[in-house]
Amino acid sequence: MPIAVTGDDFRLDTATTSYWLRRTPFGHLEHLYYGPRLPAGDAEPVALKRTAVLGASVDYDPGDPLYSLDTLPLEWSGQGYGDYRFSPVEARMPDGVFASDFTYVGHEVVAGCVPIDTLPSAYDGDQTLRVTLADEATGVELDLYWTVFEAADVVTRRAVLRNAGSDRLTLRRLLSGMVDLPNRDLELHTFDGGWIKEAHRHVRPLTYGTHLNGSTTGASSNRHNPGFLLAESTATQDDGWVFGVNLIYSGNHLGVVELSNHDLARVGVGIHPDRFEWVLEPGEAFETPEMVLTVSDRGLNGASHHFHDFVGRHVVRGPWRDRERPVLLNNWEAHFFSFTESTLLDLAKRAKAIGVELFVLDDGWFGARDSDSAGLGDYEVNRRKLPGGLDRFATRLKRLGLDFGLWFEPEMVNEDSDLFREHPDWAVRTPGRRTTRGRNQLVLDLCNPKVQDHIIESVGRVLDSADITYVKWDMNRHVSDAYSPTLTHQGEFHHRYVRGLYRVLREIFEPRPHILLESCSSGGNRFDLGMLCFSPQIWASDDTDPVERLKIQEGLSYLYPPSTWAAHVSGAPHQQTLRATPLSTRFNVAAFGVLGYELDLKYLGRLELKELREQVDFYRRHRRTLQFGRFSRVRVPKGNKVQWQVVARDGASAVTGYFQTLAQASEGFDRLRVIGLAPTERYRIETRPQYLPLRRFGELVKHILPVELNPDGLVMRTAGKVRNVPDDVERYDASGAMLASGVLLHNQFVGSHYNEQTRLLGDFGSNLYVVELIDE
Ligand code: DGJ
C-alpha cells in the first residue's frame, strides 16, 4: 500500500517517489523528505538536524530550546508562535486574535480519494491520508489531506478548516497546502505572459526572500499560470531533481516560495488572499482546492511526464478523456463577425475537402452580435446570418460529412443586449462606484444562483436545438468591480464566482457527454487544472504564429499534456505578429497539439490545398501518438533550434519535430536525437514529405533556369501556382541507441549549393520525422 504509518511517521510512496512526514512530540507535522523513492527504513538520516539553538529564534516550549517553529521543516504552520515565514493561514479566530497553532489530534488512511464537496478534484487516487489538527485555544479544526496517485507519481494536498469554536471565525487566507523543502540550489520556473504570449517560461535563482506567483484577475490568468517548478540549477531536460506544483482551480491563485535564512524553501499554493475574506459561523467549514505535487530526478521532462500522466488519468474525465479529438476548422480568423450561411457552407465544403472533421462556428452567430459591442448574452440565432437556424445549418454540415461545433461566451454580457436590458442587476458592478469594462462587456454575476440557472437553461436549450458535438466556451475579460448583491460578505465574491462557474459547467455538460468542450479565455487566459476537469482541451492562445507557438506550447508542455492544447494552422502573415512562416511549419508546430485550421481556405491555391490535405491525412494517421503519446522536449545545443518528440504508448513509433527559428549563415551540422526508445530494437526514421514553394528560392531561381526570369514576375508567380519543389527527405534504419545518440542530418542550405538533398529551412523552417519499429 502506498501509505504506511509507523509510530509517528507517515510514509507516502509512489512508483518512483517518496514523501515522508512525522508528528513531532509537540504535535506539529514535520516534513522529512520528498524526492526519488527510498526503501523503507529509518528516516532519521534524511531528517533535518536540530542540534544547536539558533540566535534570535523563539522557543516554542521552555522545555526544549532546540525546538523553534521558525527553523523546523513543516507540513503546515499557523501564526503567532515564532514561525515568521509565509503562513498558509491567516484568520481572525473565534477568540478574536490572529494566532493559530494547529497540532495533531488524529489521523486516518482511507482507500482512494476523498472528493471535495464544493470544488472539482482529481479522481482515481490510490489512498488518502487525513490528519486532523486542532488549535487548542479555540477548538478550531483543520483536516489536512494527502492523496497518493501511485502510477502518476503525484501526491495531492488540501485543507479543510472547521470552525468548531463557539464564535465567528473570519478567514483571510487559507492555502491548500505547504511544505518546507531543504534547498538544493533551486531555481524557480514560472509560466507567464499575457494575451498572445501565454505560458512563456521564466527561470530565476531561488534567492532569499519570498517569491510570489499569482493572479488576481478573477481567473487563473495568462499572466502567471498556477503551475510552477523548482529545479536544481544543474538540472537539464533529462537529469537532476525537479519539483512540480500546480493547483486544481480556475480563480485567483497564489503560489509562494520563500527561501528562509536557514535554507528551507517553503512552498505553498492556494486561493489568492487578495480581497478574500470568508466568514465561518460556528459549525461551518471551508474547503480549499487541491494542490498537486510531484518530484523527479529525471529532469524537467521527468516532472512533466508525471504531470502529463496525472492530467490524463486523474483530471480530464468523461468519454473524451482518451478519445481521439477531431480535426476542426474554426471560422473566426476567416470571418470574424461577418458571414452568411452560404459563406459558412462554402468554407465548410472546402474544409471537408482537406479532411477536416468538425466545423466550428465561432462568435457572431446570435442576437445583434455584429461586433464585440453588442449582443453578448442573447443566445438566439441571428436569422439574417442563419435564416434556417442552427438546426438546418447543422443538418447541412452533416450532409457534407462534418460535425458541428458552436462558440459561446456565457459568463459575459454587453450592455447593448436584451439580457442586460432585462436584468441589469445580473451584471457585476459595485454600487456607487465607476463601472469598468473590458472588450465592451460586463461580467455576469455567477455568484447569483439565478444567473447560474439562466446560463444553464439558455446554453442547454441551444445545445439541444441542433446536432452540436463540440462547444468552445470563451471568457474574454478579467473580472473587476467585484460585487454581488446576493452576498453578505463581499470577500467571498471571487471564490463563489468560480464555484458558480463550476456548477454551471457541471450541469450543462454532465448530462451531454457527447459534447467535446474546449474552454478558452481570449486564448490561454484560463489554462488550468480546474477547467480541465470539465474541458479536455483548451485553446492555448489566440496567437497562431508557429514561432510564437514554439514558446507557448513548449511552456504549456511543462505542466500539461499535448491532448489539452488546441493548436491551429492559420494564414500568414499572421494576424498577431505579421510574420510570414512556411505552411509546413504552421502544421509541424500545430500537429503537436489538438489540430485545427483557422483560415479562409478560398484564398489558398491548388498546391496549398493539396498540402493541407496531406497534413490532415498525416495527422489522422498519427493522431493517437500525437495527442496521447509520451511528449518530451529534446535538448538541442543551439539557440536557434527547438525539438519536440512524442513516443507512442506502446513504444513502436514516434514523431519528432525539428524547428529552426532564425537561420544562421553557413550553419554546421544538425543532430536529431530521439530519446526513450528501446536501445536494441531497430527503427526506421523518415522525414515527413513536405514542399517548398518556388518563391522560397527568390532570385536564386535564375541560377538554375536556362533563361533569366523576374523572381517576382508574372511567369514565376504563375509557375508558383502550379509547381512547388518537394523538400528533402531522409530515411535511415537505426537502433534505438543510435537514435538516442543522434542522427546527423543532411546539410542545410549554406549559400553556395542546392540539390534535392539540401535541407532548405531558412527562417522558421522545420521538419517532422516519423520513427517506426522495423518488424523483423
Ligand atoms: C477570443 C478567442 O480566443 C478567439 O478565438 C475568438 O473565439 C474570439 N474570442 C471571438 O470573440
Side-chain angles (χ1 to χ4, degrees), residues 193-199 217-223 225 250 328-339 344 347 358-379 382 385 404-414 416-417 437-444 459 462 468 470-479 516-528 531 535 537-546 548-549 552-553 556 564-571 574-577 586 590 593-600:
W195 180 65
I196 68 172
K197 51 176 185 180
E198 296 88 341
T217 66
S220 50
S221 91
N222 49 25
R223 295 165 180 233
N225 194 280
S250 309
L328 63 81
L329 180 132
N330 178 304
N331 79 320
W332 175 245
E333 286 199 13
H335 298 144
F336 291 134
F337 297 98
S338 168
F339 51 81
L344 292 176
L347 183 59
L358 165 74
F359 183 87
V360 178
L361 175 54
D362 209 278
D363 201 350
W365 59 267
F366 52 88
R369 187 78 174 157
D370 292 325
S371 74
D372 61 21
S373 54
L376 209 49
D378 300 340
Y379 296 107
N382 180 319
K385 295 180 185 173
F404 178 34
L406 198 58
W407 178 97
F408 292 86
E409 193 178 353
E411 299 163 66
M412 301 287 156
V413 67
N414 284 128
D416 184 1
S417 69
R437 292 164 189 83
R439 209 195 187 203
N440 305 310
Q441 62 201 45
L442 301 178
V443 180
L444 283 173
V459 173
V462 177
I468 295 168
Y470 160 105
V471 164
K472 180 173 170 189
W473 183 290
D474 208 343
M475 193 268 201
N476 282 309
R477 62 159 291 188
H478 301 318
V479 182
L516 169 62
L517 176 61
E518 175 169 323
S519 73
C520 166
S521 179
S522 303
N525 191 23
R526 198 163 58 182
F527 204 119
D528 61 64
M531 292 311 287
S535 67
Q537 58 192 58
I538 300 181
W539 181 223
S541 176
D542 277 351
D543 195 339
T544 46
D545 174 336
E548 296 300 306
R549 279 283 182 139
I552 296 167
Q553 293 178 202
L556 290 173
T564 64
W565 337 320
H568 296 177
V569 172
S570 65
H574 294 280
Q575 295 189 12
Q576 301 78 23
T577 56
R586 286 178 254 157
V594 177
L595 179 69
Y597 286 80
E598 184 147 352
L599 70 176
D600 201 342

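Order of listing sets the numbers, starting from 1, for every ligand and every atom in it.
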### Task
Kindly tell me which protein residues have any non-hydrogen atom under 4.0 angstrom away from an atom of ligand 1, grouped by chain and ordered by number?
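Near ligand 1, by chain and number: Trp332, Asp362, Asp363, Trp407, Arg439, Lys472, Asp474, Asn476, Cys520, Ser522, Gly523, Trp539, Asp542.
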
### Task
Quick one: list whatever passes side-chain hydrogen bond (donor to acceptor under 3.5 Å, both in side chains) with Ser521, sequence neighbours left out.
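Once residues adjacent in sequence are excluded, the partners of Ser521 under the side-chain hydrogen bond (donor to acceptor under 3.5 Å, both in side chains) criterion are Asn525.
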
### Message
Restricting to side-chain hydrogen bond (donor to acceptor under 3.5 Å, both in side chains), what partner residues turn up for Asp378, sequence neighbours left out?
### Response
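Not a single residue meets the side-chain hydrogen bond (donor to acceptor under 3.5 Å, both in side chains) criterion with Asp378.
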
### Query
Are the side chains of Ser220 and Arg526 in touch, meaning some heavy atoms are under 4.5 Å apart?
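Contact flag for Ser220/Arg526 side chains = yes.
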
### Query
What residues form a ring-ring contact (aromatic ring centres under 6.0 Å, His included) with Trp195, not counting sequence neighbours?
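For Trp195, no residue satisfies ring-ring contact (aromatic ring centres under 6.0 Å, His included) once neighbours in sequence are set aside.
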
### Message
Less than 3.5 Å apart, any donor N or O on the side chain of Gln441 or Asn476 sitting next to an acceptor on the other?
### Response
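Short answer, no.
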
### Leu406 and its side-chain contact (heavy atoms from CB on, under 4.5 Å) partner, picked from Val360, Val462, Val459
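Only match with Leu406 under side-chain contact (heavy atoms from CB on, under 4.5 Å): Val462.
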
